[in-house]
Number of protein chains: 2
Amino acid sequence: MSTDRGYHHGSLRAAVIQASFELLAESGLQHFSVAAVARRLKVSSAAPYRHFPDRAHLLAAVSAAAARDLRAEITAAADAATPDPAARLAAAAGAYVRYVVRTGAGFPVIFAAELYELADESRREQTRALLTTLLDLAAATGTRTYREDLLLVETTVAVAHGYTTLYVDGFFARNSSTIDDVAARAVAATRTLITPDRA
Amino acid sequence: MSTDRGYHHGSLRAAVIQASFELLAESGLQHFSVAAVARRLKVSSAAPYRHFPDRAHLLAAVSAAAARDLRAEITAAADAATPDPAARLAAAAGAYVRYVVRTGAGFPVIFAAELYELADESRREQTRALLTTLLDLAAATGTRTYREDLLLVETTVAVAHGYTTLYVDGFFARNSSTIDDVAARAVAATRTLITPDRA
DNA sequence: GTCTATACTACGATAGAC
DNA sequence: GTCTATCGTAGTATAGAC
């Protein structure tokens with residue numbers, strides 16, 4: 001029965017996406033709901049439906065934004081690393097851990113199976129660009145075929161996402177592991193996997 | 001309005017746990033519900049509450065069973081591997097992938113944060129035994145401290161769970177990757193991470 | 001030990017007022 | 001562009017009959 005409604009300053013659409021990220025970071029995709037987003041913004045539960053036809057389209061917009069932002073952070077991390085291609089790909093793993101722990105929007109959100117049939121063009125572009133960036137980083141390490149690139153990307157993402165999941169689920173809680181610790185371990189593991197002899 | 005009820009042959013309790021595993025394997029923890037379990041068993045939605053006081057206690061029982069079974073499969077896989085300690089730990093990663101893809105009951109279910117406050121003694125025993133088994137496998141590879149054991153276990157689980165998640169979420173779908181392919185890649189990656197120079 | 005029936009809560013989504 | 005109000009559905013859990 002809170003009476004402080006009246007949220008109509010311009011773009012509710014952007015605010016809805018922002019609030020969706022916050023809820024994902026706090027409670028994960030499992031507890032995400034359009035109603036909770038509306039509550040957080042102190043608008044009615046009907047308001048978001050003016051900007052997104054349904055829940056799936058909202059999540060598709062979140063997916064597109066997450067793919068764009070994650071790609072930007074991966075690129076920045078790679079560029080901040082040494083010119084060594086293996087270090088650049090490993091830096092991407094670290095960026096993944098940091099981004100997903102912070103936002104809750106990892107591959108399970110970005111590539112959620114329920115979004116496959118949606119034909120959202122913006123999302124399609126952003127996810128494609130994200131994968132291309134990762135494949136390029138992998139290819140630079142000296143792989144010879146597209147299949148090798150793909151396997152290396154999958155390994156990198158598996159390690160990064162595995163560490164992220166363990167951290168988010170509290171498996172690291174008893175140790176005083178910070179996000180930076182976990183990210184560093186993901187980077188080190190990825191680095192070892194790319195060129196084992198130079199670990 | 002299905003009328004073929006009348007499920008009272010002995011242990012509904014065991015059947016509820018079994019059906020819970022099936023639902024987890026099919027739809028994950030996100031879509032798990034006591035009501036769906038009851039529907040699957042063709043009993044009323046109230047029936048499971050005769051055996052479990054609430055949803056959390058049911059999930060705790062599932063967690064305990066999963067920890068027990070996963071530990072058994074990890075032990076079997078390690079014993080089937082070569083005597084080399086690194087190969088034994090790597091085999092555990094493969095067993096994790098296979099078990100969790102098949103049952104849907106991985107670390108996020110076994111160590112779900114919502115079960116922490118429950119004080120289920122059986123679950124406590126089984127999860128502890130599972131961790132002990134993993135730590136023993138890690139210690140046998142030549143680590144020197146408990147902290148090193150722990151870090152190695154975390155790396156192993158991170159890799160195994162990362163591959164599992166990508167597989168379950170359909171990220172490997174376009175390639176014709178079977179469960180055995182994915183498990184083999186998790187084993188290889190873990191093997192590399194334990195002793196990089198012998199990859 | 002399982003049933004029917006029900007109370008309560010929450011979510012997705014829509015209709016129509018302003 | 002947001003509101004109030006509402007419908008339909010589904011889930012958790014309980015009460016009381018059998």
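The sequence lines fix the lettering, A, B, ..., with proteins before strands; numbering per chain opens at 1.
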Please pick, from C/dC3, D/dA5, D/dT12, the nucleotide with the shortest atom-to-atom distance to any side-chain atom of B/Ala35. D/dT12
Interatomic distance, A/Asp54 CG vs C/dA13 C1' [rounded to whole Å]: 9 Å
Please report, rounded to the nearest Å, how far the P atom of C/dA10 is from the CD atom of A/Gln30. 19 Å
Evaluate the criterion side chain to side chain donor-acceptor pair (under 3.5 Å) for residue pair B/Arg128 and B/Thr132; output intermediate values, then yes/no. CA-CA 6 Å; B/Arg128 196 168 178 80; B/Thr132 300; 5.5 Å; no
Any B/His31 side-chain nitrogen or oxygen under 4.0 Å from OP1 or OP2 of D/dA10: no
When the distance from CG of B/Leu41 to P of C/dC3 is rounded to whole Å, what number comes out? 10 Å
Starting the side chain at C-beta, find the nucleotide from D/dT12, C/dG12, C/dC3 nearest to B/Val34. D/dT12
So, B/Gln18 side chain and B/Ala14 main chain: donor-acceptor pair closer than 3.5 Å or not? no
Just how far, in rounded Å, is C1' of C/dA13 from NE2 of A/His51? 16 Å
On the 0 to 90° scale, with breaks at 30° and 60°, tag the B/Phe172-B/Tyr167 ring pair as parallel, tilted or perpendicular. tilted
Whole angstrom value for the distance that separates P of D/dG11 from OH of B/Tyr49: 10 Å
Let me know the distance between CZ of B/Phe32 and P of D/dG11, rounded to the nearest Å. 11 Å
For A/Phe52 and C/dG12, give me the distance from atom CZ to atom P, rounded to whole Å. 14 Å
Check: B/Val157 main-chain N/O paired with B/His161 side-chain donor or acceptor under 3.5 Å: no
Regarding A/Arg13, tell me which of base, sugar-phosphate or nothing describes its non-hydrogen contacts under 4.0 Å with the strands shown. nothing
Ring centres of B/Tyr96 and B/Phe107 under 6.0 Å apart? yes
Starting from C1' on C/dA17, measure out to CZ on A/Arg50 and report it in whole angstrom. 12 Å
Look at the side-chain N and O atoms of B/Ser44 and state whether any lies under 4.0 Å from the OP1 or OP2 oxygen of C/dT2. no
Using heavy-atom distances to pick each residue's nearest nucleotide on DNA chain C, tell me which of A/Pro53 and A/Ala36 is more 5'. A/Ala36
Under 4.0 Å between any heavy atoms, over every strand shown, what does A/Ala46 touch: base, sugar-phosphate, or nothing? Just pick one. base
